[in-house]
Structure formats: structure tokens, C-alpha cells
**Student:** 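Encoded as C-alpha cells, here's the structure I'll be asking about.
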Amino acid sequence: DQLATTTKELQSKLNLNNTIKNKIKDRKAESKKKLKASQFNDFQVLSCLGQGSFGKVLLGKYKSSRQNNFVAIKAIRKDSTLENYDVKAVHDERDVLLLDHPFITKLICTFHDPQFLYFVMELLTGGDLMNYVIQRGKVSTKIALTFGVEILLGLRFLHDENQIIYRDLKLDNIMIGADGHVRIADFGMVKRFTEDELNEGKLATTFCGTPDYMAPEILQYKPYGFKVDVWAWAVVMFEMMEGFSPFQGSTEDRLFHEI
């Protein structure tokens, strides 16, 4: 009941149903214009926010701006992308970031050079939800419900409006903005269904995700759909409110068995 009430209140305040659809086309058109307007030299790199096998995420700001317009710059190594056949995944991630929704990380522009592909995104100064939970031990029911509903609305937008399974929902991939609201981030594992696939009732089959959050059907190598994101969302809710994962295992195999 609390979840339903919070969902209704948030959706009413944001007026999501009447505004989001109208913004998507405009957002995509604006973004295409921006793609030609930026290059790496337009930004001053201040520090490295994180690093992984894909490349790194940098803290930057526009050189031409007199204000402190900070951004997050995701630099993806081209050689790594080609070696791992992840070109489609990069394109899919870019397409999701182009969508306009209050609880999905916003893409400002993209460009590339001989070594890297660059995604310039809004800087979310509140850090990720994992650190938020670790610092507090657990989250109050009111805040957990608010964050949970915001995540759920973001997922529903991906599922219902764009036929996308997220497949990597976890505390680490939920960022908190300066406004105190969450954003879903990191769309490297998304699966977007075509209209033909939906009409034919096709499901996803790729074994992927983060172990603690993977749904049983994925672990059992069964075809799966949007519900795997709802499973991961429930795990995130449990972790926020209890401060630990609902499934424990000394090894990955044991963890999978518990799930």
C-alpha cells in the first residue's frame, strides 16, 4: 500500500504520462545536433572518477564556459569494443542514454577520436546507491520507497515505452543526483526487442548480469523477459531496507544455488 501510494504521488508530481512521450523525439533531434558540436579538446579533464575493462570515466568541464559546468565523460576503448564484439552494445547504450526520462542518466553529447568513443553525460554528484547504503547501514523506509518507486518508474519506461530489458540493475548502477533523486546508469547489458520479436513472443536467452541480482530463470538458462528486472529491483529494495543481500553464498555456485 505504501509503495502504491508513493508511486501515485510521484507520478502525479512528475506528470510522466503526458510529458515523456512528447520529449523523446525532440531529445533525439537535439542530441544529433550536439554530436557534431563537441570534441575532446572542448573539455578540461580534472580527474578520473573510475576505471574498468571498457576504459574510464573522467570528471570534466567545458573550457568555454565561465561557470562550473561539470560533466562525466565515459571514454570507451575502441580496441576493446571491437575485440569483444561489443559494437552493438555500445550503440544500444547510446540509444538508451538519448531517451528523456527524469530517472535515467542524461547524455549530453558523443564524439570519438582514433582511440576512444566518448559519452559526455550529466554529473551525478550524490554518488551511487551502494555507497549511500554502506554509509548508513540501511535506508529509512520513506527514502527506500521513494528511491524504489523512482527506479521502478524508470524501468517501466524502458519496458513499456521502449521494449528494453535493462539486465544489470544493482545498487552500483543507481546514481543520486544533486537534486536528491536517483538515475539509472550504465546500459551496457540492455536488450531491445524489435516489434517483430515482440509479436512473435520471443524472449532473451543471453546469460548475463551481476550474480547477486540475477533472476532464477537466467541462472537456469531459460528464456526470459522483462520480469528479470523486477526481480533485481526487489533485491535492491531488500538491500536498501535491510543493509545486506537476501542471498548469501561463500562461492558463486553456492550463491546461485541459494537464488
Side-chain angles (χ1 to χ4, degrees), residues 24-25 27-43 45 48-60 71-101 103-124 128 154-155 157-159 161-170 172-175 183-198 202-210 213-214 218 224-226 228-229 232:
I24 294 174
K25 291 183 179 179
R27 173 75 175 172
K28 287 183 176 179
E30 290 172 6
S31 298
K32 286 180 180 178
K33 292 179 183 177
K34 290 178 181 178
L35 298 185
K36 300 178 181 179
S38 296
Q39 56 184 347
F40 192 70
N41 288 336
D42 292 338
F43 300 92
V45 175
C48 181
L49 298 174
Q51 196 158 351
S53 58
F54 66 88
K56 51 194 173 183
V57 179
L58 308 168
L59 171 64
V71 294
I73 305 173
K74 184 173 183 178
I76 305 169
R77 291 172 47 199
K78 285 185 175 180
D79 58 354
S80 176
T81 300
L82 292 172
E83 285 173 9
N84 295 305
Y85 304 99
D86 287 337
V87 175
K88 185 179 184 302
V90 171
H91 287 168
D92 287 343
E93 180 172 12
R94 175 184 176 276
D95 288 346
V96 175
L97 289 168
L98 284 174
L99 300 174
D100 189 13
H101 189 278
F103 305 131
I104 290 177
T105 304
K106 289 178 174 55
L107 181 69
I108 297 169
C109 65
T110 66
F111 49 90
H112 67 94
D113 63 23
Q115 289 184 302
F116 291 94
L117 304 166
Y118 297 97
F119 289 179
V120 180
M121 300 172 289
E122 62 174 325
L123 180 65
L124 300 168
D128 61 50
L155 289 176
F157 174 71
L158 293 176
H159 294 174
E161 302 294 338
N162 296 280
Q163 297 75 52
I164 292 170
I165 310 178
Y166 180 41
R167 300 200 293 193
D168 200 22
L169 185 66
K170 55 184 176 181
D172 314 61
N173 283 346
I174 306 299
M175 307 298 294
R183 313 280 197 283
I184 303 174
D186 198 345
F187 298 95
M189 289 191 188
V190 299
K191 160 66 178 175
R192 188 169 206 159
F193 289 106
T194 65
E195 188 173 341
D196 288 342
E197 287 175 331
L198 288 173
K202 287 191 175 180
L203 298 172
T205 56
T206 304
F207 186 92
C208 64
T210 299
Y213 303 85
M214 293 168 72
I218 298 178
Y224 59 87
F226 300 112
V228 298
D229 285 343

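By convention here, the first residue in the shown sequence is residue 1.
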**Student:** Compare all side-chain heavy atoms of Ile184 with those of Thr105 and state whether any distance is below 4.5 angstrom.
**Tutor:**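 The answer is no; the side chains never approach within 4.5 Å.
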
**Student:** Heavy-atom distance under 4.5 Å between the side chains of Ile174 and Asp128, does that happen here?
**Tutor:**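 Answer no - side chains too far apart.
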
**Student:** Ignoring hydrogens, what is the shortest heavy-atom contact between Ile73 and Gly60? Give both atom names and the distance.
**Tutor:**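 Looks like CD1-CA, 4.3 Å.
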
**Student:** Do any N or O atoms from the side chain of Arg192 and from the backbone of Ile165 form a donor-acceptor pair under 3.5 angstrom?
**Tutor:**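 Between the backbone of Ile165 and the side chain of Arg192 there is no qualifying donor-acceptor contact (under 3.5 Å).
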
**Student:** Begin from the C-alpha positions of Leu198 and Gln163 and carry the test side chain to side chain contact (heavy atoms under 4.5 Å, CB included) through to its verdict.
**Tutor:** CA-CA 8 Å; Leu198 288 173; Gln163 297 75 52; 3.0 Å; yes

**Student:** Side-chain contact test, heavy atoms from C-beta onward, threshold under 4.5 Å: evaluate it for Tyr224 versus Thr206 and give yes or no.
**Tutor:**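 Side chain of Tyr224 against side chain of Thr206, heavy atoms only: contact under 4.5 Å found.
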
**Student:** Rounded to the nearest 0.5 Å, what separation is found between the SG atom of Cys208 and the CZ atom of Arg167?
**Tutor:**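 Those atoms lie 4.0 Å apart.
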
**Student:** Are the side chains of Glu122 and Val71 in touch, meaning some heavy atoms are under 4.5 Å apart?
**Tutor:**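 SC-SC contact between Glu122 and Val71 ruled out.
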
**Student:** Let me see the working for Lys191 and Glu197 under salt bridge (charged side-chain N to carboxylate O under 4.0 Å, His left out), right down to the final yes or no.
**Tutor:** CA-CA 12 Å; Lys191 160 66 178 175; Glu197 287 175 331; 3.5 Å; yes

**Student:** Please tell me if the side chains of Val120 and Leu107 come closer than 4.5 Å, counting only heavy atoms from C-beta onward.
**Tutor:**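 They are not in contact (no side-chain heavy atoms under 4.5 Å apart), so the answer is no.
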
**Student:** For Cys48, enumerate each residue passing the side-chain contact (heavy atoms from CB on, under 4.5 Å) test, keeping only those at least two apart in sequence or located in another chain.
**Tutor:**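 Testing Cys48 for side-chain contact (heavy atoms from CB on, under 4.5 Å), a comparison that skips the adjacent residues, returns Gln51, Lys56, Leu58.
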
**Student:** Atom CE in Met121, atom CG in Leu97: separation rounded to 0.5 Å?
**Tutor:**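 Result: 6.5 Å between the selected atoms.
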
**Student:** Hey, could you give me the CD1/NE2 distance between Ile76 and His112, rounded to the nearest 0.5 Å?
**Tutor:**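 The NE2 atom of His112 is 12.5 Å from CD1 of Ile76, to the nearest 0.5 Å.
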
**Student:** Do the side chains of Asp79 and Arg77 get close enough for a salt bridge, i.e. N-O under 4.0 angstrom?
**Tutor:**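 A salt bridge is present here (some side-chain N lies under 4.0 Å from a carboxylate O).
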
**Student:** Run the side chain to side chain donor-acceptor pair (under 3.5 Å) test against Asp113 and tell me which residues pass, sequence neighbours left out.
**Tutor:**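 Asp113: side chain to side chain donor-acceptor pair (under 3.5 Å) contacts with Tyr118.
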
**Student:** For His91, which residues count as a side chain to side chain donor-acceptor pair (under 3.5 Å) partner, sequence neighbours excluded?
**Tutor:**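 Not a single residue meets the side chain to side chain donor-acceptor pair (under 3.5 Å) criterion with His91.
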
**Student:** Report the residues that fulfil side-chain contact (heavy atoms from CB on, under 4.5 Å) with Met214, sequence neighbours left out, ordered by chain and then residue number.
**Tutor:**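 Listed in chain order: Phe207, Ile218, Leu219, Phe256.
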
**Student:** Sequence neighbours excluded, which residues qualify as ring-ring contact (aromatic ring centres under 6.0 Å, His included) partners of Tyr166?
**Tutor:**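 Tyr166 satisfies ring-ring contact (aromatic ring centres under 6.0 Å, His included) with Phe187 only.
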
**Student:** Do the non-hydrogen side-chain atoms of Leu117 and Val90 ever get within less than 4.5 Å of each other?
**Tutor:**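 Result yes, sub-4.5 Å side-chain heavy-atom pair found.
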
**Student:** Contact between Arg183 and Ile104 at the side-chain level, heavy atoms closer than 4.5 Å - yes or no?
**Tutor:**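 A side-chain contact under 4.5 Å is absent here.
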
**Student:** Is Glu93 paired with Lys74 through a side-chain N to carboxylate O contact shorter than 4.0 Å?
**Tutor:**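 A salt bridge links Lys74 with Glu93.
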
**Student:** Kindly indicate whether the side chain of His159, heavy atoms from C-beta on, has any atom under 4.5 Å from the side chain of Asp229.
**Tutor:**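 Touching, per the 4.5 Å side-chain cut-off.
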
**Student:** Just checking Phe119 against Phe111, ring centres under 6.0 Å apart?
**Tutor:**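 No, they do not, as the ring centres are separated by 6.0 Å or more.
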
**Student:** Between Ala89 and Gly188, which heavy-atom pair has the shortest distance, and what is it?
**Tutor:**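 For Ala89 versus Gly188, the nearest heavy atoms are CB-O, 3.8 Å.
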
**Student:** Not counting sequence neighbours, which residues clear side chain to side chain donor-acceptor pair (under 3.5 Å) with Asp168? List them please.
**Tutor:**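 Side chain to side chain donor-acceptor pair (under 3.5 Å) list for Asp168, sorted by chain: Asn173, Thr210.
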
**Student:** List the steps, then state whether side chain to side chain contact (heavy atoms under 4.5 Å, CB included) holds for Ile164 with Val96.
**Tutor:** CA-CA 9 Å; Ile164 292 170; Val96 175; 3.7 Å; yes

